[in-house]
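To start, the structure under review is shown below, and the notes come after it.
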Amino acid sequence: MSKNLDINVHHLTRVEGHGNIVINMKEGRLEKAELQIVEAPRYFEALLKGRSFHEAAIITSRICGICALGHQIASLKATEDALGLEVSEQTILLRKLLVNGATLQSNVLHVYFLVAPDLLNAPSVFPLIPTHKNVILRALRMKRLANDIGDIVSGRAVHPITPVPGGFTHIPTAGELKELRRRLIEEGLPDVVETVKTIKSLAGRIPDFVRETEYISLQDKNEYALYDGEIFSSDTGATAVRNYRDITSEFVVAHSTSKHARHARSSYMVGALARWNNNHNQLTEISLNAAEEMGLKPDCYNPYLNNVAQVVECAHCVEDSIAIIDRLLELGLKNEKPNQTPTKYGVGIGSTEVPRGILFHEYEYDRKGNIVFANCIIPTGQNLANIDDDMKKLVPEIIDKPKKDITKQLEMLVRAYDPCISCSVHLLNVKFINDSED
Amino acid sequence: MNILTKHEHTPLELYYPEMAEITAVNQFTELEKWFEIKLPDGKELGHQPGQFALFSIFGIGEAAISICSAPTKKGAFDICVRKVGMLTEKMHQLEVGQKIGVRGPFGTGFPVNDFKGKDILIIGGGIGIVPLRSLINHVIAYREDFGRIIILYGAKNPDELLFPDELENWDNDPSIEYHVTVDQGTPEWQGNTGVITTLIPGLDLDLDNTIAAIVGPPIMYKFVLMALKSKRLPEDNIYMSLERRMKCGVGKCGHCQINDSYVCLDGPVYQFSDIKNLPEAI
Amino acid sequence: MSTQTAPKTKPQIAFFDFTSCEGCQLNKLNLENHLLEILEHVDIVEFREAMDDKADAYDIAFIEGSISTPSCVERIHDIRRRAKILVALGSCAVTGGINAMKNLQPIEDVRETVYGKDKYLFPTLPAMPVSAIVKVDYEIHGCPMSIPEFLVVFKALVMGKQPIKPDSPVCVECKLRENECLYDRGMVCLGPITLSGCDAICPSFGQFCTGCRGLVPDANKNAMLDILTDHGLSLQEAEKRLLLFNSYKQPDTFK
Amino acid sequence: MNKHNLLLQNIPDFVAHLQTYGEVHAPCQKGENSFSFEQVTDPSRVVLDYARTLQSIRKYFLPPTERLLNFSLTDNTFTKVAIENNHRIFLGVHSYDMKAVLKLDFNFSHRTPEINYLKRRENCTFIGVSYEPDDYHFSRSVGITVENTEGFDLFLDRHENGYTVQVLTERGTEITKDFTALGEALEIPEISRQFKNKIKFNYNRLPEVMEQSWNSPVWEEVAQRCVGCGTCNLVCPTCYCFNMVDNVDLKLTDGSRDRHWDGCLLSSFAAVAGGENFREKLASRQRHRIYRKFKYITDKTGDPWCVGCGRCTAYCTAGISIVEIVNRLSDEFEQTHLRKSSAPVGQKIQGVSL
């Protein structure tokens, strides 16, 4: 096998957004291993300037159609932090329910529609419709259930309508929540169990690759952190959200319209696997059983198993949603109006977990409630350096395989991160380092 | 009192069409196509010259179209359809044997009984000839009931002249005074060129005994009316047919309303004196 | 569903994304209950987000996203050449959407705000709707695109008929749903001049209309500004609100 | 005519009693500041003290969207749609909304009676209720008092502790006779209810005012402020314009022909296939709307077609007031025509006067 290798995957498919994989190996020496982000920049931080706090989440939700809810939640939390807006327990519970719905939806979409075709050697999910009809129907059913959480609680799963600073513009009825609860139990749980079986049957086809890295996620002392918490690094421990810049130290590289980030080492990983590694002991029982069934163990260093961690989270989201609905019904749904009377103005930071990892929004408001400064740190941006580092380790390990297989395995690696390139494209000045990789 | 029974007329299921069969088609021009249509069970449409019906294709919609055959034609009726929108485009694709929904007839026709004994001046511009054709065929069928029959027909160019066979018959019929003009001729065109109003000054009319029936695009009315005015034709002797979008055909939906008049009920054929005070008419 | 096995009678459709959040494409995948029915009528021959296949020609190309880089311009010309019918999908593609907000600020400032001294690494143009560059046959409005409207257009195109284009404002749909007017709750809303077709989804959920579907033809903007200012916004805030999704000004240079 | 007394605390029982005779539909709280007629399941939700509902009860007889027929594209046939005509009792209807129903009855039975509307109207009982006129009501100006009982089977007139119940029809007797909580009618001095909002001319004279107002500058002034959203049409209890659309299901095999409310104020309402729009200008559409209420049908029936509910004004985001428009036109009329000879000025088609 030649020790020269040139791979250029132009506009990688089955990912959100536009990215290229470029590998360049000369006489056994890896000269380049990059995920190039070629998405058109969208300049969200600039768009936010001068915008009212009523409009901030409407705008930032449009950063990403896949994680629209996550951006909205992070944005609302940043605004509420900056303006001193208190929210009710009902608001927090409804938001957590939405986060569960969005995580479930995204994870199902990713595992079934984007990753499964790789494991089954198909170019897309469409040829699998006749051959795996029941699996596809199950995936669609799970996605519908997840989206119905979004539709019922937030009006619309993509670019949610009702979550606004200080609360919700519309509260679902008890009847709607009871019906959701019934479906979560009667459809959601059995479908999760079947999903675990499906993934278990394909687990042997997941590449075996190990690279230990730094794992960063939110951590909450009371629960598996998806909505709130403090920042936790597997290398350095806990950090307050207000110090997020110590963690994310972003830098611009020439091959990416999205900025890179690094913390204790040259790169770190965020997302389902990071959350699993950091917080697995807080998962529900069904989720832990699912993990065991599929062979996912704590301190897992195989990035390809991020997808298995996503399935584990599906189980968690279904179970946790049932518990949240029970709590909401127990409290009794109140037609609260959003609290939109600012008690202060200044800087606020909001952080939440989205399917792809930890997300930060930071805004500074003037005394009219308009934004003077904004910064958004997106999970995929944080993962990019880690993906490059993974490729640098992976390519020499599989260099003896045919180029086609190497390419596929690299594509699968990128897809395993569920990169959301379209939303990673944005960003603000923190620290600029020109293409400085060695 | 029961609201269903207290009316002069029985409340009707107004929106269910009859499924009628297309029995013949003829493509006149790229845009205009003629259809012969037969109602189920040999039923007659029972229309007056100048009336219209609503035609529909399921999944596309419904539109008002004039009937262009005279009531003297039995067992079937004709329409001529210009391709202007989605429905008419789909109608053009229909073939003999296929079915189309029909509701009607609706509206006022030309009061042909009142026309008896009079000279009839028919002025048609463009597809205005289509509703007039039912009147023309009626007066030809009852030729002895009427005085002179004068037909003025104008089109943009010779290729857009409709009913070509019939035009020839009218031209050859010594009892009909037929004049045709086109806005733009072709090298082969032997006849008049110029707008339709150029045909009017040369007419020698028995003013009190002449009925004018005009149908054409909005812009034509203005100039034809001015030309007839200078001829001093009494305005009560002038009839015209107006076009509006219609949804119901029965004076409910409001779309065809011109001031206080519903084109689907009070029109489409109006005596000029009825609409001259309606500023929205033309 | 690959091109080779597909019977030629089914329209071959493709999806493309430009500068956008890809929410419209996701919204399409959210048609879970209808997805398989849709696939009965068409063959999807290219859809980068979901499949590896590529095709040379398409009966219908759906375009999501704005045109905002020089390479976007080239790509959209190429797609147009290969597509019989081209449909713009969602606000970014139809009106420039939220992306066009950047056109309101000097482009150099925008680039500097985000990338600092590295701004020249990434070429950028003012964000434009697809129709600023190539002929667009049909438009599906909304951010995200409205699913009911997508289905109306989709069905019409598959049946070979022209879709009905809404031209009335959101207020009409709000009234058909008997919603309480948000102005009566002390809110301001762009429903009176925003194109309908969304079934007034935002006001129905108690949130003001953001104008994401674009303005009705001949919108009386001055009257709208009067309404907004009468209900508590300053003129500057009112103008900004109107521009949220409607900032695009068509530059002559790229026609 | 029988009269009874109904105490406030007995209202929920009365509603429950009515439910034994049919579906009860009554105003309920809808949003934060609004009411809507809904089928009552919980009698305690009924609100009888309200200013106006978002929509009048026309929505029951001419639904916002209505399926007219179902069709099959596979065999090009259609099936009829059953028209529901359950027995409905409308409780808490204001006199102007009742009057509006009577006007729609005329529109849907005049010349070509329409079964769809009339069938839905067939089995209805109407129970009126008095109201305190607010800043928008002006029914009195179009000849409808708060206590007008035309069309009602029962009428509830508010007093301090409850309602005086007037039994107006046999049907009214039937549905009250077994309700034991009705007391003897109290001797209550007649309340005079004042309308703050008024049209300055008697409504009989408005057609004449309109006759002279075709070229008034008022239309253009109103159009400057109007956004053309059509709300005034869509909330009007006597508007009944509609559109018809064919909808096909996703299998592309079946579908339905549906009609839905439309409005003459909307820009494409009077457009025709060739692209011509006969009321292209907002000013001409505003004029058409006002003429529909005060001239066109009025010329034929002698009645104004506006019932003074105030919805078009209360729900206009631009704050355009129908009373203000009519009063402005009346002022102009007074100034320019009243003092001159009253020779009618015919409207001529431009460029033509034979």
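Everything numeric in this text was worked out from a predicted model, so none of it was measured. Chain identifiers are assigned alphabetically (A, B, ...) following the order of the sequence lines, protein sequences preceding nucleic acid strands; residue numbering begins at 1 within each chain.
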Open item on the list: If I measure from the heavy atoms of chain B, does N107(D) come under 4.5 Å with its side chain, its backbone, both, or neither?
Closed with: backbone

Task: Structural part of F106(B) lying under 4.5 Å from a heavy atom of chain D - done: neither

Open item on the list: Using heavy-atom distances under 4.5 Å, tell me whether L68(D) contacts chain B through its side chain, its backbone, both, or neither.
Closed with: both

TODO: Return the option, out of S261(B), G85(B), P218(B), A63(B), with the maximum number of heavy-atom pairs under 4.5 Å with chain D.
DONE: P218(B)

Open item on the list: Salt bridge check, R120(D) against E114(D): does any charged N sit closer than 4.0 Å to a carboxylate O?
Closed with: no

Task: Rounded distance (nearest 0.5 Å) linking atom CG of N86(D) with atom CZ of R88(D) - done: 6.0 Å

Task: Test item: side-chain donor near acceptor, Q257(B) and R244(B), under 3.5 Å - done: no

TODO: Could you look at Y291(D) and say if it's the side chain, the backbone, both or neither that has a heavy atom under 4.5 Å from chain B?
DONE: neither

Task: Y21(D) (side chain) donor-acceptor with I89(D) (main chain) under 3.5 angstrom - done: no

Open item on the list: Side chains of E170(D) and T173(D) only: does a donor on one sit below 3.5 Å from an acceptor on the other?
Closed with: no

- [ ] Answer with side chain, backbone, both or neither: which region of L12(B) has an atom nearer than 4.5 Å to a non-hydrogen atom of chain D?
- [x] both

Task: Greatest number of heavy atom pairs closer than 4.5 Å to chain B - which of N76(D), N116(D), L252(D) - done: N76(D)

Task: P201(B) versus K231(B), closest heavy-atom pair with distance - done: O-NZ, 2.8 Å

- [ ] Side chain from CB out, backbone as N, CA, C, O: work out which of these in L87(B) comes under 4.5 Å of a heavy atom of chain D, or both, or neither.
- [x] neither

Task: Heavy-atom proximity to chain B below 4.5 Å, by part of K80(D) - done: both

TODO: Find the one option among G61(B), G254(B), P217(B), G59(B) whose heavy-atom pairs under 4.5 Å with chain D are most numerous.
DONE: G59(B)

Open item on the list: I need the residue from T77(D), I297(D), N247(D) with the largest number of non-hydrogen atom pairs under 4.5 Å to chain B.
Closed with: T77(D)

Open item on the list: Are there over 12 heavy-atom neighbours, none belonging to K59(D), within less than 6.0 Å of that residue's NZ?
Closed with: yes

